[in-house]
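Below is one structure; the comments refer to it alone.
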Amino acid sequence: MRASRGEKIAEYIIIVLLSLLCVSVLYPFLYMLAISLNDGADAAKGGVYLWPRSFTLINYEIVLGNETIRHSYLITVGRTVIGTVGGLLVTLLVAFGLSYRGLPLRSTILSYILLTMLFSGGLVPFYIQLNNLGLINTFWVYILPGLFSVWNMFVMLKFIQGIPEALVESAELDGAGPVRILWQIIVPLSKPMLAALGLFTAVGHWNDWFAGAFFVTKQNLIPVQTFLQQLLSAQDLSAVLGSNNNQEALARSSQLKNITLMSIKMSVVMVSALPILCVYPFLQKYFVKGVLLGSVKG
């Protein structure tokens with residue numbers, strides 16, 4: 001069928017609007033990349049928008065050569081990996097257990113879990129609880145409070161309940177127990193759901209600066225996003241250049257005069273954003289629907 005004139009006009013309008021949306025999303029990223037790759041003193045003059053006018057890597061050399069930033073990256077990577085894997089595991093186990101309709105007090109447990117999602121005690125009671133558990137100023141303050149997600153549990157529960165019961169029943173007839181059913185039937189069929197929730201959980205851990213700012217006072221335990229938050233509010237380069245000895249060593253370099261706080265900020269933003277952006281292409285294939293097609297033959 002040939003599209004009418006009105007349909008063609010509507011398609012052109014949609015294309016233009018989506019193109020403008022893409023530009024609005026990509027331009028800030030390209031601008032920060034251009035500033036981070038440009039000479040700081042030259043960028044301060046203005047006129048740098050999409051590509052560097054005076055290309056240099058000195059900003060990244062300073063950022064990646066800073067011991068505080070490197071250590072904060074290790075903290076961020078560690079909490080992202082451990083927090084994502086642990087969070088998916090704990091939440092999946094709870095969802096799988098609650099998927100059995102014959103579970104005693106199942107409705108009561110679901111109601112209690114739902115209540116915790118709707119109401120919260122607040123920040124102060126939460127801080128007191130973490131302090132009583134001895135989690136303040138420890139690495140585990142990033143991991144343990146986020147191991148269980150109510151929202152993710154309900155998503156997993158609905159997904160598991162959507163798996164044909166014939167698969168589980170046939171496995172039980174073959175003598176499979178709950179653990180074997182979980183790892184050999186539920187998990188393989190739940191890859192799209194686990195990949196999506198895992199990506200959201202990983203992004204949440206990677207971008208979280210709140211926990212490091214309020215629950216940690218030791219500088220060697222802050223994640224990179226908390227360091228970035230401190231850097232964005234800094235008024236000089238001491239947050240990046242570190243100790244006075246390091247500053248004196250850099251002062252002897254002729255390139256130091258071309259470094260500005262803005263160029264360092266943009267470099268830290270790019271270094272902190274690129275890793276998580278590179279994860280999505282590897283998980284994209286798991287979002288494809290239809291994994292269950294053909295799993296049950298009638």
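Between Leu114 and Leu110 the shortest side-chain heavy-atom distance does not fall below 4.5 Å. The shortest distance between side-chain heavy atoms of Met270 and Phe29 falls below 4.5 Å. A 4.5 Å side-chain heavy-atom check between Trp209 and Gln230 finds every atom pair outside the cut-off. Side-chain contact check for Phe210 versus Thr226: every heavy-atom pair is 4.5 Å or farther apart. With a 4.5 Å cut-off on side-chain heavy atoms, Val48 and Tyr31 do not count as touching. For the pair Leu231 and Leu261, the minimum side-chain heavy-atom distance is below 4.5 Å. Using a 4.5 Å heavy-atom cutoff, the side chains of Leu37 and Trp51 are not in contact.
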Might you work through the side chain to side chain contact (heavy atoms under 4.5 Å, CB included) test for Leu17 and Ile13, ending with a clear yes or no? CA-CA 6 Å; Leu17 292 178; Ile13 294 176; 4.0 Å; yes
Determine, step by step, whether Leu98 and Leu103 satisfy the side chain to side chain contact (heavy atoms under 4.5 Å, CB included) criterion, reporting the C-alpha distance in whole Å, the side-chain angles of both residues, the deciding distance to 0.1 Å, and the verdict. CA-CA 7 Å; Leu98 293 174; Leu103 181 71; 3.6 Å; yes
Audit row: Tyr100, Arg106, side chain to side chain contact (heavy atoms under 4.5 Å, CB included) steps and yes/no: CA-CA 8 Å; Tyr100 284 90; Arg106 177 176 179 270; over 6 Å; no
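Nearest heavy-atom pair, Leu167 versus Leu189, reported as atom, atom and distance to 0.1 Å: CD1-CD1, 3.5 Å. Pairing each heavy atom of Pro275 with each of Val271, the nearest pair is CD-O, 3.1 Å. Annotation for Leu228 and Lys265: closest pair CD1-O, 4.4 Å, computed over non-hydrogen atoms. Looking at every heavy atom in both residues, Ile35 comes nearest to Ala43 through CD1-CB, 4.1 Å.
The CG atom of Leu33 sits 11.5 Å away from atom CG of Leu26, with the distance rounded to the nearest 0.5 Å. A distance of 10.0 Å separates OH in Tyr60 from CD1 in Ile264, rounded to the nearest 0.5 Å. With rounding to the nearest 0.5 angstrom, the CG atom of Leu197 is 8.5 Å from the OG1 atom of Thr91. Note that the CG atom of Asn137 and the OG1 atom of Thr217 stand 3.5 Å from one another [nearest 0.5 Å]. We find the CG-CZ distance between Asn220 and Phe139 to be 12.5 Å, quoted to the nearest 0.5 Å. Taken from OG in Ser267 to CD1 in Ile62, the straight-line distance is 8.5 Å, to the nearest 0.5 Å.
Within a 6.0 Å radius of CD in Glu172, more than 12 heavy atoms belonging to other residues, nucleotides or ligands are found. Tyr49 OH: 12 or fewer foreign heavy atoms inside a 6.0 Å radius.
A distance-only check finds a donor-acceptor pair linking the side chain of Thr76 to the backbone of Val224 [under 3.5 Å]. The main-chain N or O of Gly204 is never found under 3.5 Å from a side-chain atom of Asp208 such that the two would form a donor-acceptor pair. Between the Arg53 side chain and the Asp42 main chain, a donor and an acceptor come within less than 3.5 Å of each other. Side chain of Arg79 to main chain of Ile143: no donor-acceptor pair is present (N/O by atom type, distance under 3.5 Å, no hydrogens or angles). For Tyr73 (side chain) and Ser272 (main-chain N/O), a donor-acceptor pair under 3.5 Å exists by modelled atom type.
Hydrophobic clustering keeps Leu74 apart from Val85 (ILVMFWY residues linked when any side-chain heavy atoms are closer than 4.5 Å, directly or through intermediates). One hydrophobic cluster holds both Leu118 and Ile109 under the rule that ILVMFWY side chains link at heavy-atom gaps under 4.5 Å. In terms of hydrophobic clustering, with Ile, Leu, Val, Met, Phe, Trp and Tyr side chains grouped at heavy-atom distances under 4.5 Å, Val179 and Leu89 are assigned to a common cluster.
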Show me the side-chain donor-acceptor pairs of residues 145-166 shorter than 3.5 Å, one per line, residues at least two apart or across chains.
from	atom 1	to	atom 2	distance (Å)
Ser149	OG	Asn152	N	3.3

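Checking each of Thr56, Val268, Asn59 against Ser263 for a side chain to side chain contact (heavy atoms under 4.5 Å, CB included) leaves exactly one that passes, namely Asn59.
By the ring pair (Phe, Tyr, Trp, His ring centres under 6.0 Å) test, Phe126 is found to be paired with Phe215, residues two or more places apart in sequence or in another chain being considered.
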